[in-house]
Visitor: 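Can you keep this structure in mind? I'll have questions shortly.
Here is the naming used below: chain letters follow the sequence lines, and residue numbers restart at 1 for every chain.
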Amino acid sequence: MGSGSLLKMTYMGHTTFRFETDEVSLLVNPGIWDDEPVVPADHDVRVIAVTNHVNDALGNATEIAENAKAWILGNEATIQKAQAQGGKPWLLHVLRSETPYEIPGMKLTPFSLSRNDIERGGRFENLGFYIEMGKMKIAYLGDTVVRGPFGQLEIDIMITPIGGNDVFEVKDATSLCIDAKPRVVFPMRWTSPEQPKKFMRYIDQFGQGTNALVLEPGQVFQAEWAAGNEFRYKVD
Amino acid sequence: MSEHKSIIIDLEETEIANLSEFGDLSTIKTTGILSVNNVSERCRVWNVRVLVPDEREGTDIQEDTLIAGEIEAGGKWEHAYTVDVSAPIVTLTETYDTCSDFGGDLPNWAYVHGKETKVKVTLHLKNETDAQLENVILNKTIPPELTNVEISSVKSGNAEYDEGTRQVVWRDLVIYPNEESTLVLTGISRVDDVEIRNAGEIVVTYKAENLQRSSLKPDMTALTEFLTGIETAETEPNEWECTLECSNESDLMVRLDKAEVYLIPEDGGEKVKKIEEAPALEMIPGQEWSSTFEVSSKSPPKCTQEVIYTPMNRVTSRVIGTIEKAGQPIPVAHITYTKVFDPPEVNSFDKTPVEVDIEVKNAGTAKLNSIKIVDKLPDDVMPPKTEHVSIWVRGEEYTGEFKVTVDPDDQNPETPHTMTFEILNLKDTVGELEPGESVKVNYAIMAWRSRPEKEYPSPIEIYANTHPEGVTADAISEPDTHKIGILYKKRRISVKKAINKGANAGEYIILLVVENKGEVTVENVKVTDWIPSAFEYVSTDPMEEEPSVTEVEDCSAMTWIWTRMNPGDQKKLRVSVKGEGEYERREPEVVSD
């Protein structure tokens, strides 16, 4: 695959993804799970985007940002928590719903979605990101139980939770894919090995052109618009 | 054949064969009675010896000669023996076809629960010998589940069905050497449980004269009342005529086998054989025989004799046989099923994948070779792709040949579909489905914007059959069963409108707030508001929510269409208009799917 419009996406594990083009790199939700950070603190990246303030989303973003001198993007609660963790104010940026954050090579539009609060009941805000990088339109739903406007957006690559409880169930993710018709969809945050299998099966049957792929941690997905209008991808 | 009496050596051999429920030979036992019958009215026979020198193979007779001793007139001597045989002289075959309507070379062997089947019973007897079979009688027990029993055809003899004893008796039957005969019965069966039935025992008895299962060729020697003597008569001086005279004094035929006379010389020395004959003469009662020689001797000659005779005999034989066949077990084909939706209900107006699990259980006692499932999907359901249907047999995923069809062959959720799953020829793949085992079919459908006011029944028909095929066992649901549950989620869309003054005279800001206050996502939301004729449309904030504006009668219509609004979604529109006169308020309209 050629460069230029090439998007390189690395699955780091759990809900953490790294997106990279020639111009910019973006790390999403570098969470901590069972006291283990998904991404090492010395990870080099330009921007970190976090969908909510919970530790499995924010994780060690503050530490990574400080080491890499990277910006952290998140909603009010997330940025406050990052600040409390010692995050440098000049590296923190509060995202407002539907207000794009744009730097050369990347435009990130957050949409206010919700995540179930398992411990206290109710819901709290989780941002869904609509990311435009390398001519690719990426929808990263984060830890959501609602779809927001993502069913109506033009999407090339979608990343959606499927594990149920505080996030989408398989059926919700499937329903969203049917409406949004992304070219490729990646499930994440499953709680049993049957869930991604079922999701893949549903998408294959009802997805109407959408390809579902499951990545192993460390696997790299690359996509580009060949000749400007042909969507090509490969998984290393 | 002489009219005079001869000793009778009789061989009566009895074979008793047991056939298994499927007609295979289970056991056969053949015994014989060798008897010597002295048919004389007045003469005893003695020193009776029965000779069976070379043909004892296959019997348990150990000696070449059986000592029978003496037998009084009219008396009998018997000796029992056994014979090794591999099969009876009659071949009995029964074909119990539980589905005579169905074509094919092989008979069906199972009833079907709750269904009438036409049964055809073919009873076939073959004489495997060169002798004629007589007194052949066949008794067949008719099982209680069989009604309307009729004798369809009988090749020879007479057959009757006694409804009281539930016996078919086929009698007056003679089967010529190497010939065969057939009886065909018909009836109707119906069973309403799955207990294995018994098709009824068969007993055949028969007799064949002048036939034996052993290879014995018995003969005998004996003595009876038989007179012998030598008469010496002088014909001239010192010339003598010596005559050996024999007379059958009994009322039996006697065979004279040997007659020898020896002259003892006057002066001593070795005796000289003067008569040596082996006439093999069959002498009727009272018949005499003599032989003469002449000799010179001063004194009357002295002679000795050696005469061998025996009462004559004839051999009779017969085989008496019985064949008992156990009743064929007739299992019952029966299926039950379960059909489960997971989740059992879906939100109205939503798109929800639903797993469909169908389990077909062999609830009968017959092995099943094929299963066919016809599953009817209602509209507002997207059917699966056929390659995503999985089938499980005995808990293992089935990778043998099966056929899945979708009619119509598309995934259009607006029309009903019929899914058909056919699992054929199990016997050649993973083996027939045994009683208690099950076949599972799993696939997923997509409930597609199900409407709460509608019902979505998904009836099912299941058919199963044996090998060879007979009447089909089925399980068919009622037409309005297996409904996909619809969880009613209320739709509630509100449109609020405010007319505010603009920055300049004649300018107004029309504020429209459209909100999905319901519990479900709504699609194709169409909002229409009108601008009085004296005013014109200027702009909308946000700009991307620009309406389509069309002129209608006395005003302009602004229309917005959103493909989808989720619960809680809100649209705020600020429409700028300008014109002259009074801005008359008119309520906006909203419609959606």
Visitor: What's the separation between atom CG in A:D166 and atom CG in A:N126, rounded to the nearest 0.5 Å?
Guide: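 That separation rounds to 9.5 Å.
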Visitor: Go through the atoms of A:D172 and report whether side chain, backbone, both or neither lie under 4.5 Å from a heavy atom of chain B.
Guide: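 Contact with chain B involves no heavy atom of A:D172 at all.
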Visitor: Under 30°, 30 to 60°, or over 60°: which ring-plane class applies to A:F231 and A:Y233, parallel, tilted or perpendicular?
Guide: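 A:F231 vs A:Y233 ring planes: tilted.
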Visitor: Please verify the inter-ring angle class for A:Y101 with A:H93; under 30° counts as parallel, over 60° as perpendicular, anything in between as tilted.
Guide: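 A:Y101 vs A:H93 ring planes: tilted.
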Visitor: Given heavy-atom pairs under 4.5 angstrom as the criterion, report whether the side chain, backbone, both or neither of A:Q208 touches chain B.
Guide: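 Answer is side chain: those atoms of A:Q208 sit under 4.5 Å from chain B.
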Visitor: Assign the ring pair A:F150 / A:F111 to parallel, tilted or perpendicular, where the plane angle (0 to 90°) is split at 30° and 60°.
Guide: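 The rings of A:F150 and A:F111 stand perpendicular, inter-plane angle above 60°.
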Visitor: Can you name the closest pair of heavy atoms from A:L127 and A:S112 and give their distance?
Guide: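 Heavy atoms only, the tightest pair is CD2-CA, 4.1 Å.
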Visitor: Given that the side chain runs from C-beta out, which part of A:F206 has a heavy atom under 4.5 Å from chain B: side chain, backbone, both or neither?
Guide: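 Contact with chain B is through both the backbone and side chain of A:F206.
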Visitor: Would you mind checking which part of B:P413 comes under 4.5 Å of any heavy atom in chain A, side chain (CB onward), backbone (N, CA, C, O), both or neither?
Guide: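 Neither part, no heavy atoms under 4.5 Å.
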Visitor: With a 4.5 Å cut-off on heavy-atom pairs, point out which of A:L176, A:V170, A:I178 contacts chain B the most.
Guide: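 Among A:L176, A:V170, A:I178, the one with the most close pairs to chain B is A:I178.
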